[in-house]
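Report on one structure; see the data block that follows.
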Number of protein chains: 2
Amino acid sequence: MKTDNNAPKTLNGSTAESIREKILQGEFLPGQRLSEATLSESLSISRNTLREAFRLLSQEGLLKHEPNRGVFVATPSVTAIIDIYRARRLIECQALQLAYPHHPAKSLMRDAVEKALRLQTERNWQEVGTCNMEFHMAIVQMADCERINQMFSRIMAEQRLAFCSLPPEQLHAPYVEQNAAILELVEAKKFTEAAAMLNDYLLLAERSVLSTYSRYVGEGS
Amino acid sequence: MKTDNNAPKTLNGSTAESIREKILQGEFLPGQRLSEATLSESLSISRNTLREAFRLLSQEGLLKHEPNRGVFVATPSVTAIIDIYRARRLIECQALQLAYPHHPAKSLMRDAVEKALRLQTERNWQEVGTCNMEFHMAIVQMADCERINQMFSRIMAEQRLAFCSLPPEQLHAPYVEQNAAILELVEAKKFTEAAAMLNDYLLLAERSVLSTYSRYVGEGS
DNA sequence: AATCTATTTTTGTTGAACAATATGGCTCTA
DNA sequence: TAGAGCCATATTGTTCAACAAAAATAGATT
């Protein structure tokens, strides 16, 4: 087993990683403008290096680059949320149908569900959300497709960004049991039923997120 | 109708566009190393600007960035081709199943098929290949999902890159009729059958490409 | 209040410089 | 001859200072 040495080897790479983290951690808020002068000084790096990191993150969808105006933390709009859930339904449900009985990702699903159940009793919603993401990431891994995995993790990062503007409380709570139910169907090798349930799950989640979103935020661009 | 002003407004953006074009046109060959000093001089731009363009294209998958070694035109390996076709089957077939009768993308499919049939008689394989790509792009657009469209066009760019190393002759020829048959099923609103046929089509295409590939190229990394 | 102009700020781009890392060739040794 | 270590070289990574170009701001004019 090789150590997955994914650590960035260049300064612009590690800078991108650091900014990515700050965005997902909520330190940089959606819509916020990131000034080259200010940020490069506060990170003690040159403007050029920072700009390279910006290009990396823009292509990932976490930053939005407006020529001659600056880079901004992406602000998921209502249409973006709809689009994200549409992509998720397409990818996740199909991945689940392509699954086979003893796929290694199944244990990842189980781990995620059990961990979520545990953390739910502690009311640790932040971590429950992470488990939920891991669960769905595991579903996608069933398709055994590297490119799909990669695009999906980007989509989930974008969605996580949308959640930043929302109250974290019960957003994930009702879904832990749903995940458990889906896992049960998978373990019973009823892949088609599992996919159908997942589809309903995602439709419901979308409606819930959208209504919460429109209550807390005005309108997306 | 607004003019889709997609033209890059910055030099690093237009540089990326220009390099992208040269890669897809075969001017830059897979595996080739792009020297910062040489390229920046031949394009009459500064190294820093070129590096920003490199970061853009690396994230698109057209270039591979190896820290401290340089950037190389991506070289699709056998495993990459397998992965690409797996992603295509997942996305395209599902998009086709999600289609509805009067979707605007259907006319795009028809245009692509008719144009391909015309160009086929002229033995213009280069353009036939482009039509084939447009046909499959149109299929994906049936899903009405911007993020899926975007990732798919990246995947197709990567595949086109793989085709650069291959003789262009009959790679697309037998598929024009297949596309026409799929279109017919779609127009007859038999979406599930169309998806099934597309799946077979892609499995066959994968086998064909792989055998051609292994005949012309040794082994991927 | 709205428009235009001038000022200021910020981004875009450049060139030179140096540090850090890989490359290639060299010698030395076994 | 094959391989290990070492040096010179080339390339990438990063910084800095400067200026051009575009956008944001403020002020003056109508």
Practice item. Applying side chain to side chain contact (heavy atoms under 4.5 Å, CB included), name anything that partners B/Asn68, two or more places apart in sequence or on another chain. Key: none
**Study point:** Atom-to-atom span, CG of B/Leu34 to P of D/dT11 - whole angstrom
**Key:** 14 Å
Practice item. Identify, with sequence neighbours excluded, every residue that meets side chain to side chain contact (heavy atoms under 4.5 Å, CB included) alongside B/Phe72. Key: B/Arg33, B/Glu66, B/Arg69
Exercise for review: Output all residues satisfying side chain to side chain donor-acceptor pair (under 3.5 Å) with B/Asn149, sequence neighbours left out; order by chain, then residue number.
Suggested key: none
Check your understanding: Is it true that B/Arg86 and A/Glu146 have a side-chain N and a carboxylate O under 4.0 angstrom from each other?
Key -> no
Check your understanding: CG of A/Leu11 versus P of C/dA20: gap in Å, rounded?
Key -> 12 Å
Exercise for review: Any salt bridge (charged side-chain N to carboxylate O under 4.0 Å, His left out) involving residues 150-167 of chain B? Give me the pairs, sequence neighbours left out, ordered by first then second residue.
Suggested key: A/Arg147-B/Glu158
When you compare the protein's N or O atoms with those of nucleotides 6-10 of chain C, which come within less than 3.5 Å of each other, and at what distance?
unit_1 : atom_1 : unit_2  : atom_2 : d
C/dT10 : O3'    : A/Arg33 : NH2    : 2.5

Review point. Which of residues 38-50 of chain B sit near DNA chain D, with a heavy atom under 4.0 Å from it?
Key: B/Arg47, B/Asn48
Check your understanding: Should B/Arg51 be listed as having a side-chain N or O under 4.0 Å from OP1 or OP2 of D/dG13?
Key -> yes
Revision key, fill the gap. Separation of C/dA22 atom C1' from A/Lys9 atom NZ, nearest Å, is 14 Å
**Study point:** B/Thr38: side chain to side chain donor-acceptor pair (under 3.5 Å) partners, not counting sequence neighbours
**Key:** B/Ser35
Review point. What is the bend of the helix from C/dA1-D/dT30 to C/dA30-D/dT1 when you compare the axis at one end with the axis at the other, using five pairs each and rounding to 10°?
Key: 20°
Practice item. If the plane angle is over 60° it's perpendicular, under 30° parallel, otherwise tilted; pick one for B/Tyr201 and B/His136. Key: tilted
**Study point:** With A/Ser40 via side chain to side chain donor-acceptor pair (under 3.5 Å) - residues at least two apart
**Key:** none
Check your understanding: Please give, in whole Å, the distance from D/dT15 C1' to A/Glu52 CD?
Key -> 12 Å
**Study point:** For B/Glu17, all residues meeting side chain to side chain contact (heavy atoms under 4.5 Å, CB included), sequence neighbours excluded
**Key:** B/Pro8, B/Arg20, B/Glu21
**Study point:** side chain to side chain contact (heavy atoms under 4.5 Å, CB included) partners for A/Arg118, two or more places apart
**Key:** A/Lys115
Revision key, fill the gap. Sorted by chain and residue number, the side chain to side chain donor-acceptor pair (under 3.5 Å) partners of B/Glu27 (sequence neighbours excluded) come out as none
